[in-house]
Number of protein chains: 2
Amino acid sequence: MATASKAAARPRAPSKGEQTREAILAHALGLATRIGFEGLTIGRLAEDLRMSKSGLFAHFRSKEALQLDILRMAGARMVESVVKPALAVPRGEPRVRALFERWLAWEQSPSLPGGCPFMAASFELDDRPGPVRDFVVQNLRDWMDTLAGAARIAVNEGHFRAALDCEQFAHDCQGIGLAFVHASRLMRDPKAYARAASAFETLLQRCRAPGRRR
Amino acid sequence: MATASKAAARPRAPSKGEQTREAILAHALGLATRIGFEGLTIGRLAEDLRMSKSGLFAHFRSKEALQLDILRMAGARMVESVVKPALAVPRGEPRVRALFERWLAWEQSPSLPGGCPFMAASFELDDRPGPVRDFVVQNLRDWMDTLAGAARIAVNEGHFRAALDCEQFAHDCQGIGLAFVHASRLMRDPKAYARAASAFETLLQRCRAPGRRR
DNA sequence: AACAAAATAGTACGACCGTTCGGATCTGTC
DNA sequence: GACAGATCCGAACGGTCGTACTATTTTGTT
């Protein structure tokens, strides 16, 4: 079966082009979180990577395609480092907690010097229609659905009270996360993490089924 | 006393320059909330106002000065339409509530088609040092202090419980507001306002002195 | 080793950027 | 109504932007 598994997995060493393409996107992602998606410039990107503008540009047919590819990579990474690991955690409140904690960790990941790109894009693109905005909205919607879904499971497991509005729960989580970014990145508040953790604990408290304590 | 009051008030009809300057800033404020502070362009601004680029530019010595002036105007307007009216409301929980409600209303004010400029600037400038960022931080800090101060008063009035962490309260309010902007502007969620109101009510519930209900 | 294809570089383009400067036009004051 | 200063315009500067084209080099396959 060795040959079959090889054919099925088909790792197929990435070609040179795919390699540099990946490298470009990785660097662009870090850059975009810091200087924004509009502020991101092909010239600057090429300079950083010691490439020619045109050589870099050839990998993407337009700047918009580049932006979309960056967001695609960011979305995949987020699923990989936040959602997937949380699915390995027991259903119910533990998983909800894992989602939230990994989300904050992702937001502070060293590979994202400017924080979660979707957070930044949320406010940068909220008034600028187009496919980039659409992609961000879709991704955020998926994320909120993931949160709400995890809460729903916690309700079914009897961890959270039955009457809980799971969409409201997801909304409130988003608020805590946004306030966390606000406090840590803009205000440079050293207590930012403690504040977010405290807010989340209070939120959980309120969601638990009656008579249920940690 | 008529003459004295005249001298004291000193309305002094605004000169032509001051008029257009004000008009420029008013329009620039609306524009900046939509397309961002970096995206804001002197050429575009001049075109909108049917002025020459250089004529407009002459009112501000640089683009940075223009950005600062825009934010100064926004800050003044926010104090005028959010903070000041709330100070006319009875101390304690009513005033806290007034602050929050007027804040949401300000965020949706028709003169701010892109929403509160400080919200947008929070995420746009969080990684770009300079006087503009500093100004935003200072303004946001003042706002959070106002919120925390109002909560402190509510504690002293016996409306809120004595052990309340007022800074955490302000932080949580900020989260609710950010989530509101996120839901209404980006996600276009028609329930955005209801979600924010619900979150705020729950927050208040938790803050009240024991045995105190609405 | 040869050759087609893929990847990168070079150069140029029109558009717009923030800014400067000298001159035209307008305002307010005597 | 003249004069000074405020206000505004037009043209131009050096730069950078995204993108298009054509070469040149590198890669992968036979």
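These numbers were taken from a predicted model, which means no experiment stands behind them. Residue numbers begin at 1 in each chain, while the letters A, B, ... track the order of the sequences.
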Rounded distance (Å) that lies between atom C1' of dC8(D) and atom CD1 of Ile42(B)
15 Å

Roughly, in whole Å, what's the span from CD in Glu38(B) to C1' in dT16(D)?
15 Å

Categorize Leu66(B) for me: base, sugar-phosphate, or nothing, with a 4.0 angstrom heavy-atom threshold over every strand shown.
nothing

Residue-phosphate contact under 4.0 Å: His59(A) side-chain N/O, dT8(C) OP1/OP2
yes

Between dG28(D) atom P and Glu18(A) atom CD, what is the distance in whole Å?
10 Å

Under 4.0 Å: is that the gap between some side-chain N or O of Ser15(A) and OP1 or OP2 of dA7(C)?
yes

Could you give me the CA-CA distance, side-chain angles and deciding distance for Phe100(B) and Leu147(B), then say whether side chain to side chain contact (heavy atoms under 4.5 Å, CB included) is met?
CA-CA 8 Å; Phe100(B) 182 78; Leu147(B) 274 175; 5.7 Å; no

Nearest to the side chain of Lys53(B), which nucleotide is it out of dT8(C), dG18(C), dG18(D)?
dG18(C)

In this structure, how many angstroms lie between the C1' atom of dG18(D) and the CD atom of Gln67(A), rounded?
11 Å

Look at the side chain of Lys191(A) and the backbone N and O of Gln168(B), then say whether any donor-acceptor pair between them is shorter than 3.5 Å.
no

Rounded to whole angstroms, how far apart are NZ on Lys63(A) and P on dT16(D)?
15 Å

With sugar-phosphate meaning primed atoms plus P, OP1 and OP2, does Leu40(A) contact a base, only sugar-phosphate, or nothing at under 4.0 Å between heavy atoms?
sugar-phosphate

Residue mapping more 5' on DNA chain C - nearest nucleotide basis, Met51(A) or Gln19(B):
Met51(A)

Nucleotide dT7(D), atom C1' - distance to CD1 of Ile24(B) in whole Å
11 Å

Set of side chain to side chain contact (heavy atoms under 4.5 Å, CB included) partners for Glu38(B), sequence neighbours left out
Gln67(B), Glu124(B), Leu125(B), Arg128(B)

Could you state the atom-to-atom distance from CZ of Arg21(B) to C1' of dT7(D) in whole Å?
14 Å

Thr20(B) side chain near dC8(D) phosphate (N/O to OP1/OP2, under 4.0 Å):
yes

Sugar-phosphate only, base, or nothing, as touched by Ser54(B) at under 4.0 Å among non-hydrogen atoms
base

Kindly indicate, with the supporting measurements, whether the criterion side chain to side chain donor-acceptor pair (under 3.5 Å) is fulfilled by Asp142(A) and Gln138(A).
CA-CA 6 Å; Asp142(A) 289 348; Gln138(A) 187 54 50; 3.0 Å; yes

Who pairs with Ser109(A) by side chain to side chain contact (heavy atoms under 4.5 Å, CB included), at least two apart in sequence or on another chain?
Ser111(A), Leu112(A)

Return no unless some side-chain N or O of Ser52(B) is found under 4.0 Å from OP1 or OP2 of dC8(D).
no

Between Phe60(A) (CZ) and dA20(D) (P), how many Å, whole number?
15 Å

